[in-house]
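Small disclaimer: the values here were computed from a predicted structure and weren't measured. Side-chain atoms are counted along with the backbone in the values below, which use heavy atoms only and exclude waters and symmetry mates.
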Amino acid sequence: MSRVQLALNVADIDQAVEFYSKLFGAEPAKRRPGYANFAIADPPLKLVLIENAEHRGQGVAGALNHLGVEVETPAEVQAATARLSDQGLEPDVQESTTCCYALQDKAWVNDPDGAPWEVYTVLADAPAETGLGCSTESCAPEPATVSLGGSDRSCC
């Protein structure tokens, strides 16, 4: 099953988790300091919340962290990478990278306005953030980093 991912910067992770739990009638699938993700069945959505104190007061313009499509297998990431390459989008590939408390394979591209999209699969849970971090650093390669609200933010 594929599903769309929406990753949001939030000023207060606890308030955001409370709100989205009520909105979607679901509890987070994963919760770590400054991080939560929801695997929502209806509608099929992977919602990622990334606490970012710099976001406070920025409103909607600073809320988008990145977008993604979660797929089930590394082969699906490879197929998407090939399809994107064939379309001239030149994806940046990351294999076995740790980001957002998970080991992942992924491919990144930017839309025409610079919004970062990833196609990814989770290979395993990671008990600690050993990658570049999800709050203000980027798990995405440099071309997929987007500046929203004055600071660079993108991750998984």
Side-chain angles (χ1 to χ4, degrees), residues 1-10 13 16-17 20 23-32 34-52 55 60-149 151-156:
M1 168 196 75
S2 295
R3 61 182 163 197
V4 171
Q5 174 186 293
L6 173 62
L8 300 175
N9 293 313
V10 300
I13 193 71
V17 166
Y20 285 106
L23 180 65
F24 291 109
E27 292 300 314
K30 184 182 291 188
R31 182 79 193 266
R32 302 288 192 273
Y35 176 87
N37 78 42
F38 293 77
I40 300 163
D42 188 22
L45 172 67
K46 180 71 164 262
L47 176 65
V48 177
L49 305 175
I50 301 167
E51 190 169 52
N52 185 339
H55 169 69
V60 175
L64 179 65
N65 187 285
H66 69 280
L67 302 156
V69 177
E70 182 180 23
V71 296
E72 291 184 11
T73 67
E76 290 174 280
V77 173
Q78 293 167 356
T81 300
R83 181 179 54 78
L84 295 168
S85 294
D86 289 347
Q87 295 295 318
L89 294 181
E90 300 179 24
D92 287 306
V93 176
Q94 294 178 325
E95 294 178 340
S96 297
T97 188
T98 301
C99 183
C100 294
Y101 304 96
L103 183 65
Q104 303 173 3
D105 282 354
K106 56 178 74 185
W108 290 92
V109 295
N110 286 348
D111 80 3
D113 293 312
W117 278 88
E118 66 175 329
V119 177
Y120 73 100
T121 189
V122 173
L123 304 171
D125 191 45
E129 185 58 45
T130 59
L132 295 173
C134 294
S135 59
T136 58
E137 297 284 335
S138 174
C139 290
E142 191 63 33
T145 301
V146 65
S147 179
L148 295 172
S151 65
D152 292 337
R153 294 179 216 120
S154 62
C155 188
C156 32

Report task. Identify the heavy atoms of Asp105 and Val77 that sit nearest to each other, and give their distance. Result -> O-CG2, 3.8 Å

Report summary line: Shortest non-hydrogen pair, Val17 vs Pro28, comes out as CG1-CG, 3.7 Å

Query raised in the report: Is Val119 close to Thr81 at the side-chain level, that is, under 4.5 Å between some pair of heavy atoms?
Result: no

Query raised in the report: Minimum heavy-atom separation for Ala126 to Thr98, with atom names?
Result: CB-CG2, 3.8 Å

Query raised in the report: What is the minimum heavy-atom distance between Lys30 and Cys100, and which atoms define it?
Result: NZ-O, 4.0 Å

Requested in this report: Let me see the working for Gln94 and Cys99 under side chain to side chain contact (heavy atoms under 4.5 Å, CB included), right down to the final yes or no.
Outcome: CA-CA 11 Å; Gln94 294 178 325; Cys99 183; over 6 Å; no

Query raised in the report: Any donor-acceptor pair under 3.5 Å linking the side chain of Thr121 with the backbone of Val71?
Result: yes

Requested in this report: Would you please test Phe38 and Leu45 for side chain to side chain contact (heavy atoms under 4.5 Å, CB included) and show each step?
Outcome: CA-CA 8 Å; Phe38 293 77; Leu45 172 67; over 6 Å; no

**Report entry** Between CG on residue Leu64 and CG on residue Leu8, distance to nearest 0.5 Å
**Finding:** 7.0 Å

Query raised in the report: Between the side chain of Asp125 and the main-chain N/O of Ala102, is any donor-acceptor distance below 3.5 Å?
Result: no

Report summary line: d(Gln5 CD, Glu70 CD) to nearest 0.5 Å is 7.0 Å

Report summary line: Between Trp117 and Gly68 the two heavy atoms that sit nearest each other are CE3-N, 3.7 Å

Requested in this report: Kindly compute the distance separating CG (Asp92) from CG (Asn110), expressed to the nearest 0.5 Å.
Outcome: 8.5 Å

Query raised in the report: Atom CG of Asn9 and atom CG of Asn65: how far apart are they, to the nearest 0.5 Å?
Result: 4.5 Å

Report summary line: Rounded to the nearest 0.5 angstrom, the CG-CD distance for Leu67 and Glu118 is 9.5 Å

Query - Shortest non-hydrogen contact from Ile13 toward Ala36 - result: CD1-N, 4.0 Å

Query - Ring center gap for Tyr35 and Tyr101 short of 6.0 angstrom - result: yes

Query - Test side chain to side chain contact (heavy atoms under 4.5 Å, CB included) applied to Leu6 and Val4, step by step - result: CA-CA 7 Å; Leu6 173 62; Val4 171; 5.6 Å; no

